[in-house]
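To keep things clear, I will list the structure first and then write my remarks on it.
Numbered from 1 within each chain, the chains take letters A, B, ... in sequence-line order.
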Amino acid sequence: MSCFTQVSITPSIHIPPNSNYNNPKSHHRKQTITLLQKCKNVNQITPIHSNVIKNGQQHDQFIIFEFLRVCSKCDAIDYTLKIFQQTQYPNVFLYTALIDGLVFSGLYSHGIRIYVEMIENFIFPDNFVISSVLKACVIGLDLRMGREVHTQAIKLGFCSNRSVRLKLMELYGKNREFEDMKRVFDEMPERDDVALTVMISSYLDHELLSRASNIFDMVKVKDTVCWTVMIDGLVRNGKMNKALEYFRQMQREAVRANEVTVVCVLSACSQLGALELGKWIHSYIENYDLKINHFVGSALINMYSRCGSIDEAERVFKTMKDREVSTYNSMIMGFALNGKSLNAVELFQRMIEEGTKPTNITFVGVLTACSHGGLVDFGFEIFQSMQIDHCIEPQIEHYGCIVDLLGRVGRVKEAYKFIQNMKVMPDYIIWGSFLNACKIHKKFELGDHAAKILLNHGYTDTGTYVLVSNFYSSFGKYEEALLVRSKLKESDLEKEPGCSSIEVNNEIHEFFLGDIRHPQKKEIYKKLVEMEKRLRFEGYYPQLDVVSQDIMDHEKERALAIHSERLAICYGLISTEPLSTIRIVKNLRVCSDCHTMIKLVSKITNRKIIMRDRNRFHHFENGSCSCADYW
DNA sequence: CGACACAGAC
């Protein structure tokens, strides 16, 4: 729209003389343009194109402009390029439309080339094309070219234009050139809240949280985008609770959330396992008529799946009309994570039948489902079909699933051979998965071999040290286990402290090992002691070999007794309605002793306990767990 | 005008 006004006010010298917007042909032109603007896909565009050629309108730059825009919008960038190439004297507006289209399709460096070509063809730039090429530089992180455009823009006098300035700020901000960004900002004639938002976003991109929040406080009128930038930035920097705090403040200040905002907040909810707040967002979406587009839909499905409410996730999935690959991906992964392997596989097959093209992520999901569900043959079939029928090269993640698949059912030797024949180098996760299989299926030699590879190559994390140590102590080799522990201490790796959280009354309560910070700590520990007593009565006795430190047994017992998940569960028991489901999120893997204990707790308290650990869900009910004790 | 989700194995 705005381009049009511009076009009719200042026609470019390259527009043929008969193309004035208000000439007698303009009725025809308007009709064609209206038709084009209604197009939703490329199949609707082609007949219009042939009509245009038949009517001799193919050189009408207004029409070509609309063609370029609509083709790009319909994801038909090849067609955009073809039409542009057939244009005899493209003017600056057509160049702009093409560059925008290329950027939209992710072909930003091509967009930059087109701009250079335009300059070489002596076409004089304007504010619009400068903004567009700067956008290409921003997305492509092409600082050098961006600076060149900046210099050129100064010479030609385009730098007083607001959108050029905003793009320049973005260019420098994304490239960490904060001094240059501020310089552009300081040259702006009046305080500009959008420019401040650009700065906030840039600081958050580079993990400068306090700088970002200082600028945020300076913004006079914080609109939806400004709040969203802040919330999203906090989420991306791992500050979920902080993000939710900002979201609550946003509500108090009565600023409406839009689709983007809720996607960010839902992401925070799913990472925290904050089901109650997630549900609240869902009803917010419905109450305020936000569109459940594929971003929002995926975010909802993901939130419910990662909060263990797989039925709710499925309900959302079913109500969505237009599903994209990402929608299926979220749902398939959700089923896989929640131990619903068959549903995952079924959905995968249905999506293929419906003609949706799977991506590599789809296969990660469905292969995970196969490995968690012990569907060995089917998993292999999919792995083959991925390469043959869908032409997707397996990545390390896919190989990882297969190693897990074989290891899980005890085909450890085959897993070993498979690792040796992979087209990629095995990483510590592959060897870790293999080692876990060796531990569970009591294959010492192969496991010992894997453990040595893990320790010698140094490509590892703290979890791997713990795993190797546990492997040795499960064979009674306590000296080796201790040695590994001491190696971990020597290494510079910082051990991530185990943390379990539970949401009660819309608030997330976090517990660390032996935590005594909670205001209700007395009641929590009282409950813990009570549980211990009742569990002993049920025949529970702590598995001491999981704690392979060199300490006395009773101390080991105490160390186990205060694992963070136990505290979180006890808090859940005292602060929620009897018989209601308890949901716990843990940042690390649950240890096997806690796993045993939680099974019993679910039985004696008659509660469902849903626990998300680092990798997957455990649904505990009446003394057993959905993972069938393999995780 | 500035902001966007889904990603495995230990």
- request: Please check if the side chain of A:N338 supplies one atom and the backbone of A:G334 the other of a donor-acceptor pair under 3.5 Å.
  value: yes

field: Which nucleotide in B:dC10, B:dG2, B:dA7 has an atom nearest any side-chain atom of A:R306
entry: B:dA7

query: At under 4.0 Å between heavy atoms, what does A:T368 touch on the DNA or RNA strands: base, sugar-phosphate, or nothing?
result: sugar-phosphate

message: Need one value for A:V229: base, sugar-phosphate or nothing, where a base atom within 4.0 Å counts as base even if backbone is also close, heavy atoms only.
response: sugar-phosphate

message: Between P on B:dC6 and CZ on A:F363, what's the gap in Å once rounded to a whole number?
response: 21 Å

query: With a 3.5 Å cut-off and just heavy-atom distances, do the side chain of A:N258 and the base of B:dA3 make a donor-acceptor pair?
result: yes

message: Quick one about A:N360 and A:H398 (side-chain donor to acceptor, distance below 3.5 Å, no hydrogens or angles considered), yes or no?
response: no

- request: For A:T197, answer base if it contacts any base atom (sugar-phosphate contacts may also be present), sugar-phosphate if it contacts only those atoms, and nothing otherwise; contact means non-hydrogen atoms under 4.0 Å.
  value: base

query: What nucleic acid atoms does A:V403 come within less than 4.0 Å of, heavy atoms only: base, sugar-phosphate, or nothing?
result: nothing

- request: Check if the side chain of A:D193 and the base of B:dG2 share a donor-acceptor pair of N or O atoms closer than 3.5 Å.
  value: no

- request: Among the candidates B:dC10, B:dC4, B:dA7, find the nucleotide nearest to the side-chain atoms of A:R589.
  value: B:dC10

query: Hey, does A:T228 reach any base, or is it just sugar-phosphate, or nothing, if we go heavy atoms under 4.0 Å?
result: base

- prompt: In terms of side-chain heavy atoms of A:D404, which of B:dA3, B:dA5, B:dC10 is nearest?
  reply: B:dC10

field: Shortest side-chain distance from A:V194, nucleotide among B:dC4, B:dC6, B:dC1
entry: B:dC1

message: Looking at A:T228 and A:T224, would you say the former's side chain and the latter's main chain have a donor-acceptor pair under 3.5 Å?
response: yes

query: Nearest-Å distance, CG (A:L168) to P (B:dG2)?
result: 12 Å

query: When all nucleic acid strands are considered with a 4.0 Å heavy-atom cut-off, which category describes A:N329: base, sugar-phosphate, or nothing?
result: base

message: What's A:N360 touching, base or sugar-phosphate or nothing? Going by heavy atoms closer than 4.0 Å.
response: nothing

query: Going by atom types only, do A:Q249 and A:E245 share a side-chain donor-acceptor pair under 3.5 Å?
result: no

task: Take the angle between the ring planes of A:F444 and A:F471 and call it parallel below 30°, perpendicular above 60°, tilted in between.
output: parallel

query: Can A:F383 and A:F363 be said to form a ring-ring contact (aromatic ring centres under 6.0 Å, His included), step by step?
result: CA-CA 8 Å; A:F383 186 65; A:F363 285 102; 9.4 Å; no

- prompt: Would you say a side-chain N or O of A:R408 is under 4.0 Å from OP1 or OP2 of B:dC10?
  reply: yes

- prompt: Just how far, in rounded Å, is C1' of B:dA7 from CE of A:M331?
  reply: 16 Å

query: When you measure from the side chain of A:I361, which nucleotide among B:dC1, B:dA5, B:dC6 comes out closest?
result: B:dC6

- line: Checking B:dC6, B:dC10, B:dA3 against the side chain of A:D232 (C-beta onward), the nearest is B:dA3

statement: Out of B:dC6, B:dA3, B:dC1, minimum distance to the side chain of A:K167 belongs to B:dC1

- request: Indicate, with a heavy-atom threshold strictly under 4.0 Å, whether A:V225 touches base, sugar-phosphate, or nothing.
  value: base

- request: Quick one: label A:R616 by what it contacts on the DNA or RNA (base, sugar-phosphate, nothing), any heavy atom closer than 4.0 Å.
  value: nothing

message: So if I take every side-chain heavy atom of A:N302 and compare against B:dA3, B:dC10, B:dA7, which nucleotide ends up nearest?
response: B:dA7

- prompt: Given B:dC10, B:dC4, B:dG2, which nucleotide is nearest the side-chain atoms of A:R236?
  reply: B:dC4

task: For A:Y304 and A:D311, test the side chains for any donor-to-acceptor distance below 3.5 angstrom and give the result as yes or no.
output: no

- prompt: For A:G400, which contact category applies under a 4.0 Å heavy-atom criterion: base, sugar-phosphate, or nothing?
  reply: base

task: Would you indicate which nucleotide in B:dC10, B:dC4, B:dA3 comes nearest to any side-chain atom of A:F295?
output: B:dC4

query: Could you give the CZ-to-C1' distance, from A:R323 to B:dC6, as a whole number of Å?
result: 16 Å

- prompt: If you look at every strand shown and take non-hydrogen atoms under 4.0 Å, does A:E259 touch a base, only sugar-phosphate, or nothing?
  reply: nothing

